[in-house]
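If you're wondering where the values come from, they're calculated on a predicted model, not measured in any experiment. Excluded from the calculations below are hydrogen atoms, water molecules and symmetry mates; all remaining heavy atoms, backbone and side chain alike, are included.
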Amino acid sequence: MSNLMNTYARLPVTFIKGQGVWLWDDKDERYLDALSGVAVCGLGHCHPRLTRAICEQAGTLIHTSNLFHIRKQEQLAERLVALSGMDNAFFCNSGAEANEAAIKLARLHGHNKGISLPTIIVMERSFHGRTMATLTASGNRKVQAGFEPLLTGFVRVPYNNIEAVSQVAANNKDVVAVLVEPFQGEGGVNIPESHYLQELRNLCDRQDWLLMLDEVQSGIGRSGKWFAFQHSRIIPDVITLAKGLGGGVAIGACLAKGVAAEVFKPGNHASTFGGNPLACAAAIETLEVIADENLLDHVTQLGDFMRVQLRDRLAAVPGVVQIRGQGLITGIELAVPCTELVKKALERKLLINVTSDKVIRLLPALVMQQHEAEQVIDITCSIIKEFMNSSAGHN
């Protein structure tokens with residue numbers, strides 16, 4: 001590890017192969033994966049159709065350049081536009097890059113309207129990436145610390161608080177857009193009120209702002225719909241995607257509609273690798289498998305089942321604050337910091353995550369079956385009970 005920069009506090013395990021929702025380490029120990037690469041491997045590991053599509057494309061053409069037409073890119077854009085109600089797409093390589101594209105789009109749109117300091121409203125406890133613009137947009141001091149000076153052009157308000165956004169509208173005439181997650185993943189699995197996005201849409205319409213939704217974690221079936229905004233029956237102006245889009249192959253996208261779709265002109269934005277034939281082939285097959293295997297309904301049913309079971313099993317456990325989620329993202333908030341549970345789960349051969357110090361986050365693959373989910377629930381409940389009993393004993 002000495003030749004790698006010290007940017008990750010890695011867990012003491014090395015995985016060498018995977019199948020479905022299972023991973024094997026270099027000692028041939030098997031682990032149940034309830035993290036799926038942090039919401040990336042939606043089809044699980046080594047799905048046969050995705051594996052075949054990647055191999056076939058790699059044997060045909062991996063990369064050319066966006067100097068030329070790319071048929072797979074055009075096919076993927078057509079599919080995403082049809083699923084989302086957007087008009088067009090820009091392809092890149094990650095969620096941070098997709099959000100960077102959205103921020104640039106909003107700023108250019110503002111300048112086109114004659115606004116000299118275009119400003120974007122962003123949320124507390126949000127996470128949009130680690131580039132300079134996206135970490136500035138993120139409502140997380142931990143990721144910003146040490147990287148000052150941050151960028152100007154952002155105003156931060158509490159999440160799930162429409163009144164705070166209205167107050168900005170009354171006092172700041174430079175606002176051009178709102179950038180918001182339909183639910184916050186890194187921020188602690190925070191699910192807003194059901195009318196929140198609709199009210200934001202209405203406010204943006206009244207103010208002539210762009211509504212830009214970061215669906216990097218919530219999109220591509222994670223919520224039980226193709227995109228989480230579809231639970232609110234609205235249409236945004238901009239959507240950003242990555243994570244689950246390529247099934248594990250790096251790809252991001254910024255989708256736009258209406259006036260937002262006409263902002264970028266040749267030379268305004270670009271990507272060397274974005275939307276290359278290999279990444280687009282993986283994304284096309286991922287979308288086709290989700291549709292063919294009816295995974296959206298499955299995600300809704302399995303996610304509801306998991307939260308019912310968790311609430312039932314943990315109802316009498318002191319210190320379990322709340323269990324919340326949507327589709328196959330579930331957060332279990334405890335009253336005390338619980339990051340050590342990640343290692344406790346690893347010892348039990350289960351992969352989980354803790355975010356915001358106190359929230360256990362489950363992000364299983366969309367293909368996880370009920371009997372596998374039951375194993376996740378059994379181990380998760382067991383380690384939480386042991387941990388909370390231990391915490392109570394220390395108090």
Side-chain angles (χ1 to χ4, degrees), residues 40 42-43 47 49-109 111-112 129 131 133-134 210 212-216 219-221 226-227 235-292:
V40 169
L43 302 183
H47 189 288
R49 282 181 54 179
L50 180 58
T51 300
R52 186 164 57 250
I54 291 169
C55 290
E56 288 178 359
Q57 188 60 50
T60 305
L61 183 66
I62 292 177
H63 178 85
T64 54
S65 166
N66 282 304
L67 294 170
F68 314 108
H69 288 281
I70 300 171
R71 182 173 298 166
K72 289 285 186 184
Q73 188 179 125
E74 292 168 4
Q75 292 169 346
L76 177 57
E78 182 179 0
R79 184 76 175 117
L80 287 171
V81 161
L83 292 172
S84 65
M86 297 290 104
D87 289 340
N88 57 20
F90 170 83
F91 291 106
C92 50
N93 310 287
S94 68
E97 288 182 43
N99 285 326
E100 193 85 20
I103 290 166
K104 285 182 67 176
L105 187 155
R107 288 188 169 196
L108 184 55
H109 175 61
H111 284 294
N112 290 344
T131 62
T134 57
L210 301 179
M212 308 197 303
L213 299 185
D214 178 343
E215 292 249 17
V216 169
I220 315 299
W226 285 109
F227 309 98
I235 295 290
D237 301 292
V238 175
I239 307 166
T240 58
L241 301 169
K243 285 193 179 288
L245 179 56
V249 175
I251 184 169
C254 178
L255 313 183
K257 184 176 178 66
V259 65
E262 305 301 322
V263 171
F264 282 150
K265 300 292 188 287
N268 287 149
H269 199 49
S271 171
T272 295
F273 296 105
N276 70 34
L278 182 68
C280 288
I284 290 167
E285 193 66 20
T286 297
L287 298 177
E288 288 183 357
V289 172
I290 291 172
D292 291 348

Problem set entry | Any residue meeting side chain to side chain donor-acceptor pair (under 3.5 Å) with T134, in chain and number order, not counting sequence neighbours | T131
Problem set entry | Residue list, side chain to side chain contact (heavy atoms under 4.5 Å, CB included) with E97, at least two apart or on another chain | C92, N93, S94, S271
Exercise. Do C280 and I70 come within less than 4.5 Å of each other through their side chains, counting heavy atoms only?
Worked result: no
Problem set entry | V216 vs L245 side-chain heavy atoms within contact, under 4.5 Å | no
Problem set entry | V249 side chain reached by T286 side chain, heavy atoms, under 4.5 Å | no
For this session: Search all heavy atoms of A101 against all heavy atoms of C254 and return the closest pair with its distance.
Result: CB-CB, 4.0 Å
Exercise. Looking at side-chain heavy atoms only, is the closest gap between N66 and N276 below 4.5 Å?
Worked result: no
Exercise. Just how far is it from atom CG of D237 to atom CG of L255, taken to the nearest 0.5 Å?
Worked result: 12.0 Å
Seminar exercise, completed: NZ (K72) and CG (L76) are apart, to the nearest 0.5 Å, by 10.0 Å
Exercise. Does K104 have any side chain to side chain donor-acceptor pair (under 3.5 Å) partners at least two apart in sequence or in another chain, and if so, which?
Worked result: H269
Exercise. Looking only at heavy atoms, what is the nearest atom pair of M212 and A102, with distance?
Worked result: SD-O, 3.5 Å
Exercise. Does any non-hydrogen side-chain atom of E288 lie less than 4.5 Å from one of R49?
Worked result: yes
For this session: Calculate, to the nearest 0.5 Å, the distance between atoms OG1 and CZ belonging to T240 and F90 respectively.
Result: 12.5 Å
For this session: Work out which heavy atom in A256 is nearest to a heavy atom in M86; give both atom names and the distance.
Result: O-CB, 3.6 Å
Exercise. So do the side chains of L278 and I54 get within less than 4.5 Å of each other, counting heavy atoms only?
Worked result: yes
For this session: Flag the pair V40 / K243 as yes when at least one side-chain heavy-atom distance between them is below 4.5 Å, and no otherwise.
Result: yes
